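Chain letters run A, B, ... following the sequence lines, proteins first and then strands; every chain starts at 1. In this text the structure is predicted, and so the values were computed from the model without any measurement.
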2 protein chains.
Amino acid sequence: MTEAAVHRSLPPRASSGPAETRRALLAAAGAVFAERGFREATVRDICDRAGANVAAVNYHFGDKERLYLEVLRQAMAEMNARYPFDGGLPRGAPAEVRLHAFVHSLLSRLFDNGEHAWLGRLMAREMIDPSNALEVMMTDRIRPMAEHLGEIIRELLPAAVDEDTVWLTGFSIVSQCLFYNHCRSVVSRLRTDLPLDHSAVERLADHITSLSLRGIRGLAKTPLSRRVSRTKPFGAVARRR
Amino acid sequence: MTEAAVHRSLPPRASSGPAETRRALLAAAGAVFAERGFREATVRDICDRAGANVAAVNYHFGDKERLYLEVLRQAMAEMNARYPFDGGLPRGAPAEVRLHAFVHSLLSRLFDNGEHAWLGRLMAREMIDPSNALEVMMTDRIRPMAEHLGEIIRELLPAAVDEDTVWLTGFSIVSQCLFYNHCRSVVSRLRTDLPLDHSAVERLADHITSLSLRGIRGLAKTPLSRRVSRTKPFGAVARRR
DNA sequence: TGACATGTCAAACAAATGTTTGAAACAGTG
DNA sequence: CACTGTTTCAAACATTTGTTTGACATGTCA
């Protein structure tokens with residue numbers, strides 16, 4: 001029995017007590033891990049922000065790494081529920097509309113400024129410095145997202161197109177969204193007047209979707225024109241020119 | 001006598017000596033900084049790999065941070081010279097061709113596997129965790145690159161188009177390239193058969209360039225169709241729907 | 001050769017950090 | 001109240017890490 005007041009019907013939401021300590025630790029840890037990265041984040045900093053003792057992390061979570069994984073799991077679950085990549089659209093909607101909803105949902109998530117706003121930064125860190133947490137991200141979010149986007153793209157392309165092209169097209173679309181997450185610091189240094197928050201989502205989603213749709217439609221009509229002869233399928237050994 | 005010929009006119013490129021120590025430290029530091037990040041990289045690790053004493057970093061560079069900045073400066077200079085973003089093309093070449101050269105050059109740089117292959121990773125780190133080094137990157141490479149790409153895009157778009165659109169289009173193009181740098185770990189987990197080295201450059205450059213060109217050309221013809229009414233210029237306050 | 005500047009090295013230092021510990025505070029139960 | 005299990009806390013511990021230090025080696029040059 002980890003909690004003292006189980007026999008009461010009220011949840012222990014007082015401003016102190018074990019459950020509150022746990023919650024405060026998770027909240028503080030998310031911010032600190034995203035701000036500083038796993039290694040550079042210190043449990044002392046986390047505990048200070050949570051108003052808890054240094055030993056609290058080890059008592060409640062075992063060690064720093066298990067706290068990290070728990071933080072990630074909770075934030076992923078909440079953000080996945082808040083931003084479904086179908087944007088709440090039915091599967092029968094036109095592919096163009098579903099693509100726009102996908103892009104809009106992804107951008108909204110990246111520009112979220114709520115409790116878990118730090119998740120984007122934390123995920124960017126994991127992609128550069130993969131740890132066990134990246135596998136959680138892959139199965140919980142990235143693989144399902146890729147699956148969903150692949151369906152949309154296949155609907156927009158002729159059936160004859162190969163899988164490589166579907167993937168490359170998906171990467172092209174996702175990359176345009178993630179750019180504002182991974183390169184936020186660069187964008188704000190290049191264009192200081194460009195707001196990198198939810199107020200930019202509509203404009204960016206429209207831009208990315210329309211540019212990509214035209215790119216895809218053209219691809220459907222003209223299957224790589226003359227360039228197809230210069231390219232090799234992946235897996236083939238390419239020689240330097 | 002570790003090196004016999006310092007007093008001669010020959011540069012001290014023997015396998016030991018002060019200059020060689022410096023060189024070995026720079027080489028080792030680049031790899032370690034990119035692998036582990038500035039903070040997590042240890043001078044002991046760097047010195048071990050360089051075959052030097054722990055005190056060598058402080059003796060030759062003052063402190064860890066000045067070593068870091070020196071590493072970055074040297075690698076940037078070498079990579080900037082090796083991969084000019086105009087791809088060696090004259091300014092008079094058609095914009096479509098120059099765009100392809102730009103994308104090809106950027107991808108080649110990201111997939112470089114030479115002495116400074118680690119620079120891409122180090123830059124990705126800086127974008128997530130900006131330090132003084134990011135300013136060096138901005139002035140040495142990113143701002144000139146943005147300038148160059150802007151010229152190409154303006155040539156491809158009607159003169160009447162606003163600057164915001166030029167920037168967004170540039171971001172769309174660059175993002176598709178950087179994706180394979182920042183999200184390399186994710187891509188390789190999604191498609192294990194996709195080679196993320198120079199053998200993929202041709203294919204990726206063709207894909208990104210053609211998709212983007214169609215997107216741009218469509219933008220030139222149809223200026224955002226009905227969607228233009230839903231978007232606001234940056235700087236205007238956007239309301240939630 | 002002998003003084004001198006330059007590099008190199010092992011050892012030590014001080015600060016930071018994840019974790020442990022033992023005591024104290026607390027709450028619930030008989 | 002006494003007893004028990006849970007939670008908190010200050011202090012301590014063991015490592016790691018950037019940097020310093022003083023001795024020693026090396027090459028230069030008068």
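- As rounded to whole Å, 13 Å separates atom P of D:dT17 from atom CZ of B:F33.
- Listed by residue number, the members of residues 66-74 of chain A with any heavy atom below 4.0 angstrom from DNA chain C form an empty set.
- Rounded to whole Å, atom C1' of C:dG7 lies 12 Å from atom CG of B:L25.
- Every residue meeting the side chain to side chain contact (heavy atoms under 4.5 Å, CB included) condition with B:E147, not counting sequence neighbours, appears here in chain and number order: B:E151.
- Here A:A41 pairs with A:V32, A:F33, A:R36 under the side chain to side chain contact (heavy atoms under 4.5 Å, CB included) rule; sequence neighbours left out.
- Aromatic ring orientation, A:H148 versus A:F102: parallel (interplanar angle below 30°, classes split at 30° and 60°).
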(request) Quick one, give me the B/S/- string for nucleotides 10-22 of chain C, reading 5' to 3', where B means a protein heavy atom under 4.0 Å from the base and S means that only happens at the primed atoms, P, OP1 or OP2. (result) B-B----BBBBB-

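- The side chain of B:T21 places no N or O atom within less than 4.0 Å of a non-bridging phosphate oxygen (OP1 or OP2) of C:dG7.
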(request) Could you check B:L178 against A:H182 for side chain to side chain contact (heavy atoms under 4.5 Å, CB included), going step by step and ending with a plain yes or no? (result) CA-CA 9 Å; B:L178 293 190; A:H182 290 213; over 6 Å; no

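- Using the six-membered ring where Trp is involved, B:W118 and B:H116 have ring planes that are perpendicular, over 60° apart on the 30 and 60° scheme.
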(request) Could you walk me through whether B:Q176 and A:S172 pass side-chain hydrogen bond (donor to acceptor under 3.5 Å, both in side chains), step by step? (result) CA-CA 5 Å; B:Q176 293 176 69; A:S172 283; 2.8 Å; yes

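- Residues satisfying the side chain to side chain contact (heavy atoms under 4.5 Å, CB included) test with A:S108, not counting sequence neighbours, are A:Y83, A:H104, A:V201.
- At C:dT8, one or more side-chain N or O atoms of B:H60 fall inside 4.0 Å of OP1 or OP2 (strictly under the cut-off).
- What separates CZ of A:R22 from P of D:dT6 is a distance of 15 Å, to the nearest Å.
- When the side chain to side chain contact (heavy atoms under 4.5 Å, CB included) test is applied to B:D48, no partner is found at least two apart in sequence or on another chain.
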